[in-house]
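In this text, all values refer to a predicted model and were calculated from it rather than measured experimentally. Every heavy atom of this structure was used, including side-chain atoms; hydrogens, water molecules and symmetry mates were not.
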Amino acid sequence: MKITTTIEFKDEGAMQVAKRIANSLAPDNLTNMHTEVKDDSVCIHISTEKITSLIATVDDLLMNAKLAEEIAEDLEE
């Protein structure tokens with residue numbers, strides 16, 4: 001069975017930051033992940049065979065996104 005999910009970042013005021021973060025995370029994408037950057041949102045699509053793999057992937061992705069956001073904020077100061 002294939003399990004799929006999409007994480008969407010959508011915030012008009014923070015789109016530039018979201019795009020930079022998504023682009024910085026994209027090189028770490030696994031073969032089951034795809035990042036899509038649009039004008040009004042950033043979507044990360046993930047598909048796995050096991051729910052535990054999906055949970056671990058989302059957890060890693062969100063932790064890396066948090067770190068990237070903190071670095072981006074520090075660089076803006």
Fill in: Smallest separation among heavy atoms of Ile51 and Ile3, with atom names
N-CD1, 3.4 Å
Worksheet item: Can you get from Val42 to Leu67 by hopping between Ile, Leu, Val, Met, Phe, Trp and Tyr side chains that sit under 4.5 Å apart?
Response: no
Item to complete: Could you pull out the closest heavy-atom pair between Met33 and Thr57, with the gap in Å?
Response: SD-CG2, 3.9 Å
Discussion item. I need the Asp59 CG to Asn64 CG distance, nearest 0.5 Å.
Written reply: 9.5 Å
Worksheet item: Got Ile46 and Leu61 here, is their nearest side-chain heavy-atom distance under 4.5 Å?
Response: yes
Worksheet entry | Residue pair Glu49, Met1: steps toward the side chain to side chain contact (heavy atoms under 4.5 Å, CB included) verdict | CA-CA 6 Å; Glu49 298 291 328; Met1 178 171 81; 5.6 Å; no
Worksheet item: Counting distance only, does the side-chain N/O of Asn32 pair as donor-acceptor with the main-chain N or O of Ser47 below 3.5 Å?
Response: yes
Discussion item. If I take atom NZ from residue Lys66 and atom CG from residue Leu62, how far apart are they, to the nearest 0.5 angstrom?
Written reply: 11.0 Å
Worksheet item: What are the two closest non-hydrogen atoms of Glu36 and His45, and how far apart are they?
Response: OE1-NE2, 2.9 Å
